[in-house]
S.K.: 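One structure coming up, written as structure tokens, with questions to follow.
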Amino acid sequence: MCGRYTLTAPAEDLAQRFLLDLSELQTLYQPRYNIAPSQSVLAVTGDGVHLVPRWLRWGLTPAWSRDGAAGPINARSETVFDRSMFRQAIRQRRCLVPADGFYEWAGSPPHRSPRHFSLQSGQLFGLAGIWERWQSPSGDPLISVCLLTTTPNPLVAPIHDRMPVILRPEQESIWLDPAVTEHADLASLFAPYPADQMRMHEVSPAVNDPRLDTPECIRPLAAPASD
DNA sequence: CCAGACGTTGTT
DNA sequence: GTCTGG
DNA sequence: CCAGACGTTGTT
DNA sequence: GTCTGG
């Protein structure tokens with residue numbers, strides 16, 4: 001699945017890749033090496049014409065929530081159209097969550113071993129997300145987001161049995177098109193991203209602590225000697 | 001009909 | 001063990 | 001996802 | 001709000 005990710009690119013690259021206004025982005029954006037659930041994350045939504053950046057809480061709080069508690073951080077793409085909790089959002093409130101890497105943990109406690117996955121090109125990519133708005137009895141609306149997951153590709157499979165849905169650039173306009181609401185028109189987007197275009201390396205368990213948010217999080221562990 | 005849940009992951 | 005917070 | 005708290009009363 | 005279970 002996807003419970004941590006990175007967005008380390010400079011604001012200029014991010015603005016160019018997702019067609020966002022740089023000056024608007026710069027007011028809140030800073031590179032992140034350890035983005036965790038419950039935090040405010042950058043998402044890109046579409047109104048059919050423009051791309052709109054939003055800062056959303058990671059952990060979906062549906063409109064009918066009584067207390068506004070954070071909900072699921074992931075939704076299974078295989079069943080997202082069937083679940084009442086996601087039904088409205090998957091049809092009407094899809095978004096991209098910009099990232100340039102994500103973490104998965106291998107093994108069982110107390111020997112869990114984190115890995116960082118990214119594109120071989122090093123480029124930014126868009127994770128498939130859905131969002132919801134919850135209105136507190138008194139106060140500002142809470143807007144939250146949830147990331148879709150799918151089956152792992154051969155690179156991820158040895159580490160985990162799920163991986164996030166990564167959209168290819170040519171799929172992004174379909175994903176963000178409000179006129180598209182049918183499962184049949186979106187199901188093909190949920191395929192695992194090709195393994196031969198991705199890379200992985202082991203990182204320090206220091207990334208376990210969500211308070212650490214530095215380049216150390218993505219630094220490859222020294223590879224074991226091999227000759 | 002009403003009541004109550006509504007999600008995923010991983011681990012034991 | 002389970003829930004909350006980041 | 002992992003880390004850390006998990007409680008009340010009364011006092012400062 | 002919407003779906004499932006009784």
Side-chain angles (χ1 to χ4, degrees), chain A residues 1-8 28 30-43 55-94 97 99-118 127-137 141-152 156-166 181 183 190 192 200-214 216-218:
Chain A
M1 64 73 55
C2 187
R4 299 285 181 93
Y5 69 95
T6 58
L7 181 54
T8 68
L28 284 173
Q30 59 179 358
R32 294 290 310 277
Y33 298 88
N34 196 2
I35 299 171
S38 82
Q39 295 177 350
S40 182
V41 305
L42 177 65
W55 291 92
L56 313 181
R57 186 172 77 169
W58 185 10
L60 199 72
T61 302
W64 42 258
S65 172
R66 286 188 178 177
D67 57 7
I73 63 172
N74 295 125
R76 294 175 64 91
S77 59
E78 299 92 328
T79 55
V80 67
F81 274 88
D82 306 325
R83 298 279 182 262
S84 61
M85 192 176 200
F86 302 135
R87 183 175 171 77
Q88 298 296 319
I90 189 59
R91 292 174 60 225
Q92 297 167 19
R93 288 181 291 277
R94 298 184 299 271
V97 176
D100 49 28
F102 62 91
Y103 297 99
E104 301 286 1
W105 277 257
S108 303
H111 299 297
R112 297 271 281 167
S113 167
R115 317 295 166 105
H116 186 247
F117 292 84
S118 56
L127 297 169
I130 55 178
W131 60 276
E132 281 277 4
R133 178 184 282 108
W134 177 77
Q135 180 63 59
S136 71
L142 169 69
I143 306 179
S144 59
V145 65
C146 180
L147 298 176
L148 271 64
T149 64
T150 187
T151 52
V156 178
I159 306 301
H160 259 285
D161 62 356
R162 303 295 295 170
M163 69 178 283
V165 173
I166 299 172
T181 60
H183 189 182
F190 300 154
M200 174 200 80
H201 60 257
E202 187 174 2
V203 296
S204 165
V207 75
N208 289 6
D209 190 333
R211 292 169 298 190
L212 182 72
D213 187 12
T214 70
E216 182 189 349
C217 294
I218 61 171

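Computed from heavy atoms alone, side chains included, the values below leave out hydrogens, waters and symmetry copies.
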S.K.: Would you mind reading off the distance between A/L142 atom CG and C/dG5 atom C1', rounded to a whole angstrom?
M.R.: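 Answer to the nearest Å: 15 Å.
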S.K.: For B/dT8 and D/dC1, measure between their C1' atoms and round to the nearest Å.
M.R.: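 To the nearest whole Å, 11 Å.
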S.K.: Classify A/Y5 by what it touches in the nucleic acid, base, sugar-phosphate, or nothing, heavy-atom distance under 4.0 Å.
M.R.: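 Nothing, no nucleic acid heavy atom in range.
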S.K.: Without swapping roles, check the side chain of A/R4 against the backbone of A/N208 for a donor-acceptor pair under 3.5 Å.
M.R.: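 Checked: pair present.
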S.K.: What is the nucleic acid contact for A/A63, judged by heavy atoms within less than 4.0 Å: base, sugar-phosphate only, or nothing?
M.R.: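 Counting heavy atoms under 4.0 Å across all strands, no contact is made by A/A63.
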S.K.: Do A/Q39 and A/W58 have side chains that get closer than 4.5 Å, going by heavy atoms?
M.R.: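 They are not in side-chain contact.
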S.K.: A/F86 side chain: which of E/dT2, D/dA3, B/dG7 is closest?
M.R.: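 Out of E/dT2, D/dA3, B/dG7, the nucleotide with an atom closest to A/F86's side chain is B/dG7.
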S.K.: Would one find a side-chain N or O of A/R83 under 4.0 angstrom from OP1 or OP2 of E/dC3?
M.R.: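 Checking A/R83 against E/dC3: no side-chain N or O falls below 4.0 Å of OP1 or OP2.
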S.K.: Using atom C1' in both nucleotides, what's the gap between C/dC3 and D/dG7 to the nearest angstrom?
M.R.: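 These two C1' atoms come out 14 Å apart once rounded.
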S.K.: Over 60° means perpendicular and under 30° means parallel, so classify the ring planes of A/F190 and A/H183, tilted if in between.
M.R.: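 If you compare the ring of A/H183 with that of A/F190, the planes turn out tilted.
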S.K.: Across the strands shown, which category fits A/S40 at heavy-atom distances under 4.0 angstrom: base, sugar-phosphate, nothing?
M.R.: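 If one applies the 4.0 Å heavy-atom cut-off, A/S40 turns out to touch nothing in the nucleic acid.
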S.K.: Below 4.0 angstrom from OP1 or OP2 of E/dG1, is there any side-chain N or O of A/R87?
M.R.: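 A/R87 to E/dG1 OP1/OP2: no side-chain N or O under 4.0 Å.
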S.K.: Closer than 4.0 Å, any side-chain N/O of A/S38 to the OP1 or OP2 of D/dC1?
M.R.: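 For D/dC1, neither OP1 nor OP2 has a side-chain N or O of A/S38 closer than 4.0 Å.
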S.K.: With a cut-off of less than 4.0 Å, is there a side-chain N or O of A/T149 near OP1 or OP2 of B/dT9?
M.R.: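 Indeed, a polar side-chain atom of A/T149 lies that close.
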S.K.: Indicate yes or no: at least one non-hydrogen side-chain atom of A/P164 is less than 4.5 angstrom from one of A/L147.
M.R.: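 No - every pair of side-chain heavy atoms lies 4.5 Å or more apart.
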S.K.: Sticking with atom C1', work out how far B/dC2 lies from D/dT9, rounded to a whole angstrom.
M.R.: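 Comparing C1' positions in B/dC2 and D/dT9 gives a spacing of 42 Å.
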S.K.: For the pair made of CD1 in A/I73 and C1' in C/dG5, what is the distance, rounded to whole Å?
M.R.: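 After rounding, the gap between these two atoms is 13 Å.
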S.K.: Between B/dC6 and C/dG6, how many Å separate the two C1' atoms, rounded to a whole number?
M.R.: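 Comparing C1' positions in B/dC6 and C/dG6 gives a spacing of 25 Å.
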S.K.: If I take atom CD1 in residue A/I35 and atom C1' in nucleotide C/dG5, what distance separates them, rounded to the nearest angstrom?
M.R.: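 So the two atoms are 17 Å apart, to the nearest Å.
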S.K.: Is there a Watson-Crick or G-U wobble partner for E/dC3 with both distances under 3.5 Å, and which nucleotide is it?
M.R.: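 Looking at the geometry, E/dC3 pairs with B/dG4.
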S.K.: To the nearest 0.5 Å, how far apart are CD in A/Q88 and CD1 in A/I130?
M.R.: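 One gets 11.0 Å once the value is rounded to the nearest 0.5 Å.
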S.K.: If I take atom CD1 in residue A/I159 and atom P in nucleotide B/dG10, what distance separates them, rounded to the nearest angstrom?
M.R.: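 Taking atom P of B/dG10 as the reference, CD1 of A/I159 is at 12 Å.
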S.K.: Is a side-chain N or O of A/N34 found less than 3.5 angstrom from the main chain of A/V207, in a donor-acceptor match?
M.R.: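 Pair found, side chain donor or acceptor close to backbone of A/V207.
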S.K.: Any side-chain N or O of A/R211 less than 4.0 Å from the OP1 or OP2 oxygen of C/dG5?
M.R.: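 Checking C/dG5 against A/R211, no side-chain N or O comes under 4.0 Å of OP1 or OP2.
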S.K.: Of all the choices, C/dG6, B/dT8, D/dC2, which nucleotide is nearest to the side chain of A/A36 once you look at every atom?
M.R.: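 Nucleotide nearest to A/A36's side chain: C/dG6.
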S.K.: Closest to the A/R112 side chain: B/dT8, B/dG10, C/dG6?
M.R.: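 Out of B/dT8, B/dG10, C/dG6, the nucleotide with an atom closest to A/R112's side chain is B/dG10.
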S.K.: Grab the CD-P distance between A/Q88 and B/dG7 for me, whole Å please.
M.R.: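 Interatomic distance, CD of A/Q88 to P of B/dG7: 14 Å.
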S.K.: Please give, in whole Å, the distance from E/dC3 C1' to A/F81 CZ?
M.R.: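 Rounding to the nearest Å, CZ of A/F81 and C1' of E/dC3 are 17 Å apart.
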S.K.: Using a cut-off of less than 4.0 Å, is there contact between a side-chain N or O of A/R57 and OP1 or OP2 of C/dG6?
M.R.: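 For A/R57, the contact criterion (side-chain N or O under 4.0 Å from OP1 or OP2 of C/dG6) is not met.
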S.K.: Assign A/G107 to base, sugar-phosphate, or nothing according to its heavy-atom contacts below 4.0 angstrom with the strands shown.
M.R.: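 Counting heavy atoms under 4.0 Å across all strands, the contact made by A/G107 is with sugar-phosphate only.
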S.K.: Should A/C217 and A/Y103 count as side-chain neighbours, where that means a heavy-atom distance under 4.5 Å?
M.R.: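 Side-chain contact under 4.5 Å: yes.
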S.K.: Taking atom C1' of D/dC2 as reference, at what distance in whole Å does atom NE2 of A/H160 sit?
M.R.: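 Taking atom C1' of D/dC2 as the reference, NE2 of A/H160 is at 12 Å.
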S.K.: Distance between the P atoms of D/dA3 and B/dT12, in whole angstroms?
M.R.: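 Going atom to atom, P in each nucleotide, I get 15 Å.
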S.K.: A/W64 near the nucleic acid: base, sugar-phosphate alone, or nothing, with a heavy-atom cut-off under 4.0 Å?
M.R.: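 Base contact.
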S.K.: Rounded to the nearest Å, what distance is computed from the CG atom of residue A/D82 to the P atom of nucleotide B/dA5?
M.R.: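 So the CG-P distance, A/D82 to B/dA5, works out to 21 Å.
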